[in-house]
Amino acid sequence: MKIMPRFRFAPSPTGGLHIGTARTALFNWLAARSMKGHLVLRIEDTDVKRSKGFYEKSIIKDLEWLGLEWDEFYRQSDRIKIYREFAQKLLDQNKAYRCFCTPERLEKLKKDQYAAGKMSKYDNRCRELSPSEIEKNLKEGKKFAIRFKVDTDREITFNDLIRGSIVFNPDTIGDFIIIKSDGTPSYNFAVVVDDGDMKITHVLRGEDHITNTARQILLFESLGFRQPFFAHLSMILGRDGSKLSKRHGATTISEFREEGYLAEAMANYLSLLSWSPGDNEEIFSIRDVVDRFRIQDISRSPAIFDVDKLKWINGIYIRKKTPEELADLCMPYLIRDKIISREDKENPEVMRKILRGAKAFRDNLKVLGDFPFYMKDFFSDVITDYSAESIEVLRLDTSKVVIGSFLKVLENRYKSFDNSIDIDLNEEQCRELINLVAENLKEQKIKGRLLYMPIRVSLTGKTHGPELPDVISIIGLKNSIQRVKQTLEYIKSNSL
RNA sequence: GGCGCAUUCGUCUAGUGGUCAGGACGUAGCCCUCUCACGGCUAAAACAGGGGUUCAAAUCCCCUAUGCGCUACCA
């Protein structure tokens, strides 16, 4: 009978969800789903000093945001009793022992060994303590940790699903601590007890754990657990090839979310780090790729995190959104940058402007956080300044003709409205206005750049921006007239 | 220092003994176009180095170099 594969993702809540950790989570999810197995989320919070409840919350939020779900949930701090029971068992079987060495002695031992050019490892001093000595130490109330007896007789070997056979010499491993003197389990011990107890079949984790695997295999055997399959993922590095850290910019999922990356884009990009679907496809939903995911296909070499490629992918997902969806997604950023206020959400005038802006700038956007920057100028009633290039445009005689004609067209259109009617033009209606100007100036052979540039500058004071009909529809007819008049005034007062 | 892992264009990768070494990001140029984007086309760009094995090696073996990780009563 085939047993159901069980995967686990085991973050420690000592910080937010890091990019590398998120990728590990994603790959575990992908592997579990592709093998129709279960995914266990286990919070490894045995380090009481560094673990924080709000980090746990933040990690869970980010995991959910990425679209990863799990089937079971555990917290190591809820299981302290279990670890102690297993440790006691090992003690009873003489596979572990109490170590009364002080941190000071251990520190000195390590220093001396390192100075002698040796690998630091525990010298097994407390291993052969007599029962009476132990009794005495205990009576004196001396603090102790529990160490595991490492059998140095045979080499430790395992077959990594990604890297193949890996061999360790047990001589390099000293008797290590499984229960700290405060009664909490050490990382290696808690992991093995949990993986064994939870019947984990596949341990898919970061490369930084390869060396730990040797210790853990010893523990699996001593505890009588069946050994799971191991697979170690390579690291994700920063631009310069060093470990990804703060100085490379954002490193946690929540930071990227705040900058305006979409969950789909993030998950898509992360899946491309050390894995590829084989064909030349790069844009896909992680759900669609589950069937194609195989642990064996994961690459062995480390990957450098490339923000530019992430941005490219993010842009693609932004372009897949409807203007309505995009406007909605951008709202928090507009509020954050004080382009609009929270109350403006109830203002149809403002919302209309944002919706049209979302449509107009969708192709330009790489991250949502840039949207306020694009929209800023359109929320002012006046043109705040004229760029150097736009002043050059205004100097042309034909430009003055164009702007004059444009103003007339706008004013005529404005008059056509009954005062009681809401004055609002959509892009199509705006396009008609521009065509009208083009029609009027046809005889004077003003067209193309000579025609469109002055219109653009008269409205925005810039030579760049979205398509002209979009510009007018965002600004609105009334304010367009106001802005064109401002430009005419500007030409006059600067005698351009 | 010891132990472990890795090494294909600048970057992410395809490739598992015979390929003009493919794709993508980025870069450059062209096209589209009032501009910026988007889109389309094109170009430059790689098997870390040295030894083997083989008729044949990016692919298999060894050595060197480089990078990364671990070397805690952190996880």
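All chains are named by letter (A, B, ...) in the order of the sequence lines, taking the proteins before the strands, and each is independently numbered beginning at 1.
A heavy atom lying under 4.0 Å from RNA chain B marks the following residues of residues 158-172 of chain A, by number: A/R163, A/I166, A/V167, A/F168. The stretch residues 430-446 of chain A has no heavy atom under 4.0 angstrom from RNA chain B at all.
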**Q.** A/F148 and A/F176: CA distance, side-chain angles, deciding distance, ring-ring contact (aromatic ring centres under 6.0 Å, His included) verdict
**A.** CA-CA 5 Å; A/F148 178 73; A/F176 56 91; 5.5 Å; yes

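Here B/rC74 presents its P atom at 11 Å from CG of A/L106, a figure rounded to the nearest Å. The distance between atom CG of A/D297 and atom C1' of B/rC12, rounded to the nearest whole Å, is 16 Å. Distance CD (A/E282) to C1' (B/rG26): 13 Å, rounded to an integer number of Å. Between A/K309 atom NZ and B/rU27 atom C1' the separation is 15 Å, expressed in whole Å. Between A/I146 atom CD1 and B/rC73 atom P there is a gap of 14 Å when expressed in whole angstrom units. With rounding to whole Å, A/I217 atom CD1 is found 14 Å from B/rG4 atom P. Following rounding to the nearest Å, A/N280 (CG) and B/rA21 (C1') show an atom-to-atom distance of 13 Å. Across the protein-nucleic acid pair, A/K142 atom NZ and B/rC73 atom C1' stand 17 Å apart, rounded to whole Å.
Taking atom C1' on both nucleotides, B/rU8 is separated from B/rA58 by 7 Å, rounded to a whole Å. For B/rC9 and B/rG22, the C1' atoms lie 12 Å apart once the distance is rounded to whole Å. Comparing B/rC25 with B/rU19, their P atoms are spaced 27 Å from each other, to the whole Å. Going from the C1' atom of B/rA56 to that of B/rG17 covers 7 Å, rounded to whole Å. The gap from the C1' atom of B/rC55 to that of B/rG40 amounts to 45 Å, rounded to the nearest Å. B/rA24 and B/rA44: their P atoms are spaced 15 Å apart (whole Å). Separating the P atom of B/rU33 from that of B/rG49 is a span of 47 Å, rounded to the nearest Å.
With a cut-off of 3.5 Å on both pairing distances, the Watson-Crick or G-U wobble partner of B/rA43 is B/rU27. Remark: B/rC60 base-pairs with B/rG52; criterion is Watson-Crick or G-U wobble with both hydrogen-bond distances under 3.5 Å. Pairing of B/rA65, defined by two Watson-Crick or G-U wobble distances under 3.5 Å, is identified with B/rU7.
When all heavy atoms of A/L90 and A/L223 are compared, the closest pair comes out as CD1-CD1, 3.3 Å.
Side-chain atoms of A/S77 and A/D45 form a donor-acceptor pair, as typed in the model, at a separation below 3.5 Å. Of the N and O atoms on the side chains of A/H464 and A/S387, not one donor lies less than 3.5 Å from an acceptor on the other residue. Inspection of the A/D194 and A/Y83 side chains reveals an N or O donor paired with an N or O acceptor under 3.5 Å. There is no side-chain donor-acceptor pair under 3.5 Å between A/S186 and A/N188. Under 3.5 Å, the side chains of A/D240 and A/H248 contain a donor-acceptor pair of N or O atoms.
Each salt bridge (Lys or Arg N to Asp or Glu O under 4.0 Å) pair with one or both residues in residues 153-168 of chain A, not counting sequence neighbours, appears once here: A/D151-A/R154, A/R154-A/E221, A/R163-A/E207.
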Q) What string of B, S and - do you get for nucleotides 62-72 of chain B, 5' to 3', if B is base contact, S is sugar-phosphate-only contact and - is no contact with any protein heavy atom under 4.0 Å? A) ------SSSSS

Q: Indicate for each nucleotide in nucleotides 28-47 of chain B, in 5' to 3' sequence, whether protein heavy atoms under 4.0 Å reach the base (B), only the sugar-phosphate (S), or nothing (-).
A: ------BBBBSS--------

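Residues A/I253 and A/M266 are in side-chain contact: their nearest non-hydrogen atoms beyond the backbone lie under 4.5 Å apart. Considering only heavy atoms from C-beta on, A/K462 stays 4.5 Å or farther from A/S390 through its side chain.
At a threshold of 4.0 angstrom between heavy atoms, the contacts of A/E44 are confined to the sugar-phosphate backbone, with no base atom among them. Among the atoms of the strands shown, base atoms are found under 4.0 Å from some heavy atom of A/S181. The residue A/S274 sits close only to the backbone: its heavy atoms come under 4.0 Å of sugar-phosphate atoms, none of a base. Using a 4.0 Å heavy-atom distance criterion, A/T46 is classed as a sugar-phosphate-only contact.
Under the 4.0 Å criterion applied to side-chain N and carboxylate O atoms, A/D279 and A/R292 are assigned as salt-bridge partners.
Annotation: ring pair (Phe, Tyr, Trp, His ring centres under 6.0 Å) contacts of A/F256 (sequence neighbours excluded): A/Y261, A/F305.
Checking each of A/Q76, A/R215, A/H209 against A/Y187 for a side-chain hydrogen bond (donor to acceptor under 3.5 Å, both in side chains) leaves exactly one that passes, namely A/H209.
Classification of the A/F284-A/W275 ring pair by plane angle, with boundaries at 30° and 60°, yields perpendicular.
A/R147 places no side-chain N or O within donor-acceptor distance of the main-chain N or O of A/I179, the cut-off being under 3.5 Å.
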